Number of protein chains: 2
Amino acid sequence: MTADSSCSKRESGDDRRVAIALAARRIIFERGLEGLRTRDIAASVGINIATLHYHVPTKEALVALVAESLRHDFKAQAMRHPRTGKNGLERLHLEFDDFRETVLEMPELVVVLTELIARARRDPAVAEIMIPMREFWKNQIADVFRLGIADGSFRSDVDPDAAALIVTGAVSDCWRRSDMSPALLDQFLAELERAFTPR
Amino acid sequence: MTADSSCSKRESGDDRRVAIALAARRIIFERGLEGLRTRDIAASVGINIATLHYHVPTKEALVALVAESLRHDFKAQAMRHPRTGKNGLERLHLEFDDFRETVLEMPELVVVLTELIARARRDPAVAEIMIPMREFWKNQIADVFRLGIADGSFRSDVDPDAAALIVTGAVSDCWRRSDMSPALLDQFLAELERAFTPR
DNA sequence: TAGTCTCAATCAAATGATTGATTGACGACC
DNA sequence: GGTCGTCAATCAATCATTTGATTGAGACTA
């Protein structure tokens, strides 16, 4: 206890808010938005409830902070692997590699994403963050399909927008299952590629 | 008010519980599990909070009742259109017709389903109802694919289980979007069929 | 009549949020 | 280098309301 000198120093506002968002994400993962309590977050961060309110004034603002936090991670993720010089199919394949990595590294991500997307229906502040995120992802995949059709790595009768909806939807749902064996995951992703490749 | 004679008769326990489940579903649709309050359900049904507890002893039991209610509707739905004498592709097509109907008739269904499936991770009583339901649906679709491969209406290299995951996942996610135009929905479903048909 | 169902009032605890006092950090000034 | 003032950050205590649930009496039904 006395050796713990890091506790005597105050964190900056931004660091605090990051810690708050991460704690909230963990709790949402475990208990859903349903079970998210401001006091639990404060306890998890190691601060008083009033301090939490000092940094994040309302619970609603807190949920929006979580949404921002997710957006931030999502963005960092999207920049991870360059796609230049790859054809459509190769890019789709890289998307799936990213997916596998994310499942391993951030299992909680999609559970929290799902809760926030559901909340977007009833909270405009959250919608403002989550819906553009989702659309961005879908449009990225649609562009991969357009490229693939042009370079011949996908069937010419593929509808890029519809295909993107299929891929993003199937991948999201698969992610939510979280109990899939690696073998079944491989089967699933292989079948998803086969769905669009020429014969 | 005085002309309202239906209020003068007591409902049976079963009818009450049905009304309670339906009220709860409506509230979950509007506010999520996060915003589900026993008093709001009681008010919506037109009964006192103690009466609600008489019929459904705890909030947990109430959520399980909602899960049962969903299962019941899901079952009724599955029996709706006979599938005899149809090949694989025709059956898949009928599944999609059902999907369209359900989107129109019960828009709240998948929002509530999603909330309950998320809750299944942390509530064994709900998991016991929701997970078998989901697996049943997936296995039905997998059987459609097996039939279709055998009758030649689907590609022979389709992996039925993986394909079922793709279809159920994509359809569920699409359903959750709830803001899709009918034209885009048609495109989506057509592309989903093309993904598995021979060339 | 007996069992079922319903209600208003109530309980104990939880919940999001507030208040006022105190502490920490930093820069200016002597 | 020490002191002071200012602002940011923190805390314990508290508030007002909500929440899931309970109690005991009365109403309803067959």
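Every chain is numbered from 1, with letters handed out A, B, ... down the list of sequences. Keep in mind it's a predicted model, so treat the numbers as computed, not measured.
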Asker: Among residues 17-34 of chain B, which residues get a heavy atom nearer than 4.0 Å to DNA chain C?
Answerer: none

Asker: Kindly list each side-chain donor-acceptor pair under 3.5 angstrom involving residues 154-165 of chain B, sequence neighbours excluded, with atom names and distances?
Answerer:
| from | atom 1 | to | atom 2 | distance (Å) |
| --- | --- | --- | --- | --- |
| B:R155 | NH1 | B:D157 | OD1 | 2.6 |
| B:R155 | NH2 | B:A195 | O | 2.5 |
| B:D159 | OD1 | B:D161 | N | 3.2 |
| B:D159 | OD1 | B:A162 | N | 3.3 |
| B:D159 | OD2 | A:Q187 | NE2 | 2.7 |
| B:D161 | OD1 | B:R146 | NH2 | 3.2 |
| B:D161 | OD2 | B:R146 | NH2 | 3.4 |

Asker: Sequence neighbours excluded, which residues qualify as salt bridge (Lys or Arg N to Asp or Glu O under 4.0 Å) partners of B:E60?
Answerer: none

Asker: Restricting to pairs with a member in residues 24-54 of chain B, which pass ring-ring contact (aromatic ring centres under 6.0 Å, His included), not counting sequence neighbours?
Answerer: none

Asker: Sorted by first residue and then second, give each salt bridge (Lys or Arg N to Asp or Glu O under 4.0 Å) pair with at least one member in residues 36-51 of chain B; sequence neighbours left out.
Answerer: B:R31-B:D40

Asker: Does A:Y54 or A:T51 map to a spot on DNA chain D nearer the 5' end, using the closest nucleotide for each?
Answerer: A:Y54

Asker: Are A:R134 and B:D173 ion-paired here, with the side-chain N under 4.0 Å from a carboxylate O?
Answerer: no

Asker: Mind checking salt bridge (Lys or Arg N to Asp or Glu O under 4.0 Å) for B:R91 and listing every partner two or more places apart, or none if nothing turns up?
Answerer: none

Asker: Choosing from D:dT10, C:dT6, C:dA17, which nucleotide comes nearest the side chain of B:R16?
Answerer: C:dT6

Asker: Rounding to an integer number of Å, can you tell me how far A:I41 CD1 sits from C:dT15 C1'?
Answerer: 12 Å

Asker: Polar-atom pairs under 3.5 Å, protein N or O versus N or O of nucleotides 21-23 of chain C: list them with distances, or write none.
Answerer:
| from | atom 1 | to | atom 2 | distance (Å) |
| --- | --- | --- | --- | --- |
| C:dT23 | O2 | A:R10 | NH1 | 3.4 |
| C:dT23 | O2 | A:R10 | NH2 | 2.6 |

Asker: I'd like to check the salt bridge (Lys or Arg N to Asp or Glu O under 4.0 Å) partners of B:D186; sequence neighbours left out, ordered by chain and number.
Answerer: B:R100

Asker: For the pair made of CD in B:E60 and C1' in D:dG20, what is the distance, rounded to whole Å?
Answerer: 12 Å

Asker: Below 4.0 angstrom from OP1 or OP2 of C:dT6, is there any side-chain N or O of B:H55?
Answerer: yes

Asker: What pairs with A:E135 under side chain to side chain donor-acceptor pair (under 3.5 Å), at least two apart in sequence or on another chain?
Answerer: B:R177

Asker: With sequence neighbours excluded, what pairs up with A:F99 under the ring-ring contact (aromatic ring centres under 6.0 Å, His included) test?
Answerer: A:W175

Asker: Counting N and O atoms only, with roles assigned by atom type, does the side chain of A:E115 sit under 3.5 Å from a partner on the main chain of A:G32, one being a donor and the other an acceptor?
Answerer: no

Asker: Checking A:A127 now: which residues fulfil side chain to side chain contact (heavy atoms under 4.5 Å, CB included) with it, not counting sequence neighbours?
Answerer: A:A120, A:I131

Asker: Once each nucleotide of nucleotides 12-19 of chain D is scored for protein heavy atoms under 4.0 Å, what B/S/- sequence comes out, 5' to 3'?
Answerer: B-B----B

Asker: Both A:D14 and B:P57 contact DNA chain D. Taking the nearest nucleotide for each, which residue is further toward the 5' end?
Answerer: A:D14

